[in-house]
Structures are given as structure tokens and as C-alpha cells.
Amino acid sequence: MSKKTRRAQASISADIIQRIPRVALGEFPTSLIVANKLQKKIGGPEIWLKRDDLISFGLGGNKVRGLEVMLADALAKGADTLVTGAGIQSNHVRATAAAAVYAGMHCTAVYWGEPPLNNDGNYRVTQMLGAECEFTRDNDRASVDTFIVNIANKLNGQGRRTYQIPRGGACAMGVLGHVLAVIEMNKQCNKLGCEPDAIVLALGSGGTYAGWLLGIKLLELPWKLEAYSVSREPKEVSYQVAKLATEAAELLGYDLKFKMEDVLVQGGFIGDGYGLPSIEGKQAIELLARTEGILLDPTYTGKAMAGYLDGVKRDEFKDYSKVIFIHTGGEPAFFAGDGHWLQ
Ligand SMILES: *Cc1c(COP(=O)(O)O)cnc(C)c1O
């Protein structure tokens with residue numbers, strides 16, 4: 001891949017920004033800082049942190065980036081109700097509930113499984129934001145998908161104008177919000193003289209990775225993506241990411257086809273399952289807290305950092321001199337449950 005000149009990058013960036021509708025919810029750019037104390041402790045390349053956890057809107061996190069674009073789309077379509085869903089501790093659902101309030105809309109949240117015994121973490125916030133919560137009473141995560149459609153249809157029948165956001169916010173519109181993140185960080189890197197070899201991030205339903213993949217491709221940046229899956233097997237998720245990136249490119253008017261082989265995903269750090277804290281994740285959270293004073297979350301960033309730490313130990317990053325870890329947020333989940341996993 002040839003490197004684009006900065007001037008060419010700036011012109012493509014301006015063109016893309018202009019084509020992506022957005023309601024400003026967060027304040028950007030989020031800060032990009034070097035984590036020297038962490039690096040001193042673990043070795044490996046210089047490590048920087050992109051602080052998307054500091055997006056303050058609705059307790060923040062990277063989901064706000066996708067929602068800015070989806071909200072603009074929903075408003076343009078005259079919607080008055082956002083319908084989405086995921087697991088009970090979903091950052092995406094919590095941020096969607098806040099976005100709905102901001103825009104004067106209703107929000108219906110669909111969760112898989114049964115209503116929980118405890119009202120804590122993200123779920124507590126989502127309820128406080130006034131979202132209507134529905135439960136599929138089925139532990140299959142995919143049960144959320146049909147529920148979203150059925151509930152939206154029911155509400156439409158009652159005169160509402162619903163806008164459906166797929167489980168976890170993984171859709172082409174949302175992906176565009178993460179393309180904007182790439183543009184934002186590239187500008188920041190140019191200013192700070194930070195030339196990363198790789199970007200490290202957590203991979204859930206794939207929208208974030210798809211946006212980074214597409215953004216990097218459009219700007220022809222020499223950044224490798226090191227993504228750690230926290231929910232599905234790499235193969236399954238590679239397909240989803242390639243599909244989302246292709247669809248998002250199409251929305252921007254680019255005929256780019258991404259294939260599964262374009263999407264490198266690392267497995268091995270899911271632990272006992274999505275949303276269940278892992279020992280390695282706990283150790284990674286502890287390490288960052290006690291070196292940099294920064295909190296990671298047990299579902300996403302803790303597991304991605306665990307993957308990175310393992311990679312450093314195995315010398316997998318020996319050819320890199322600088323990496324940027326995207327801290328995608330998610331701290332409210334840290335305050336869910338009794339914290340027994342920290343003992
Ligand atoms: C959702 C989420 C991710 C991963 O994003 P996907 O687009 O679902 O892959 C990473 N970190 C946090 C904190 C999240 O909430």
C-alpha cells in the first residue's frame with residue numbers, strides 16, 4: 001500500500017467528513033496520550049492510549065461515535081423511537097438510551113434472557129434514562145434480533161415511527177462513526193508526530209473494527225490492526241466485519257469489497273464467554289490501573305489489553321516501535337455485580 005501524502009489525506013478526509021451526517025453528542029478529538037509507565041513495566045513498543053473512554057456523553061465510550069451518525073439518520077427519516085438491544089450490561093444500549101433522550105425520542109431496549117436480579121452498572125443507567133426494557137426470556141443472544149423487529153413493528157402499528165438499530169449497534173451507518181475516528185486520530189498523530197505501526201482494539205460485534213478497517217484503507221495509512229475478539233470465534237466475526245466494512249464503503253460511494261482474509265482477528269482471550277470477566281482480563285485491568293491510573297472494563301478493553309500483554313510477552317510486537325491502544329470505554333460494567341472476580 002502506497003502512503004498518501006498528508007495533503008491527499010487531508011482532502012480525502014474533508015470529503016468523507018462532509019458525506020457523513022452526524023449529530024454531535026461527544027466532544028472530539030478525545031485525547032491521545034503516551035503510557036510510559038505501562039511500557040516501562042511490560043516492555044514492547046511504545047504504547048499510546050486513545051481515550052475514547054473520556055467521551056462524556058451518556059457515560060461515554062466508542063458507541064457514542066456510531067450513535068452520532070445513526071441518530072442523524074434516524075432524525076432525517078422522521079423517527080421518534082429508537083429500538084435496539086443486546087445483553088443486560090450493554091454499553092451500546094445505555095448510550096442509545098441517552099441519545100434518544102437527547103433527541104427527544106423514545107427508546108426501547110431489548111435484552112436477551114430474563115430480567116436480572118440486580119439493577120446495577122449499565123442496566124441501572126439505562127433505566128434511569130427512561131428506556132423501556134423488554135426481555136426475550138431466551139438465553140440465545142440472537143433472540144434479540146427477531147425481538148427488535150417484532151417490537152418495532154408493534155410500535156409502528158401503534159403510530160410510532162421507529163428506527164431499528166441492530167444488536168450492539170453493528171450496522172453500516174454506525175461504522176461510519178468509526179471511520180470518522182480514524183480521520184480524527186490521523187490528524188492528531190500528524191500533529192503530535194506519533195507514527196503508529198499498529199492499532200490495538202477490542203472486537204465485539206464488529207462495527208468498530210469495520211470502521212477502522214475502512215478508514216485506514218481510504219486514507220492508505222500504514223497502520224496494522226490487532227483486534228482481540230471478546231465474544232465470537234475469529235472466523236465468524238471476520239465475515240461480519242468484512243460485510244459491514246463493504247456496506248459502509250458503499251454508503252460513502254466507494255466500490256470496495258472487503259473479504260474475510262482482510263480481517264485479522266486474534267482469539268484466545270474471551271475467557272468463559274462474552275461479558276464474563278476473565279483472570280487475564282482482571283490482571284490487565286489491575287496493571288493499567290496501577291501504572292497509569294486508568295480504568296479498563298472487564299468485557300472489552302480488559303480482555304483486549306490482556307491479549308496485547310500476552311502478545312508482548314511472546315514477542316509478537318517486536319517489529320513495531322509504536323502502537324496505539326484504543327480505549328473504547330465501558331467502565332460502567334466495572335460497577336456491575338459484587339466484584340467477586342476481583343478477589
Ligand atoms: C462495543 C464495544 C467495543 C467493541 O465494539 P464492536 O463494534 O461491538 O466490535 C469495544 N469496547 C467497548 C467498551 C464497547 O462497548
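For ligands, and for the atoms within them, numbers begin at 1 and follow the listed sequence.
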Taking C-beta and beyond as the side chain, do I16 and V182 meet within less than 4.5 Å on heavy atoms?
-> no

Is the shortest distance from a Lys or Arg side-chain nitrogen in K41 or E292 to a carboxylate oxygen in the other one below 4.0 Å?
-> no

Side-chain H-bond candidate by donor/acceptor type, Y228 with Y300, under 3.5 Å | no

Would you find a donor on one side and an acceptor on the other, under 3.5 Å apart, between the side chain of D15 and the backbone of S11?
-> no

Can you name the one residue among T328, T30, T208 that meets side-chain hydrogen bond (donor to acceptor under 3.5 Å, both in side chains) with N62?
-> T208

Before accepting this row, confirm whether a basic side-chain N of the pair R167/D145 lies closer than 4.0 Å to the acidic partner's carboxylate O.
-> yes

Could you go through ligand 1 and note, for every N or O atom, any protein N or O atom closer than 3.5 angstrom, writing the atom names and distance to 0.1 Å, or 'none'?
from	atom 1	to	atom 2	distance (Å)
ligand 1	5 (O)	T208	OG1	3.0
ligand 1	7 (O)	G207	N	3.2
ligand 1	7 (O)	T208	N	2.8
ligand 1	7 (O)	T208	OG1	2.7
ligand 1	8 (O)	S205	N	2.8
ligand 1	8 (O)	S205	OG	2.8
ligand 1	9 (O)	G204	N	2.8
ligand 1	9 (O)	S205	N	3.3
ligand 1	9 (O)	G206	N	2.8
ligand 1	11 (N)	T328	OG1	2.6
ligand 1	15 (O)	K63	NZ	2.7
ligand 1	15 (O)	N91	ND2	2.8

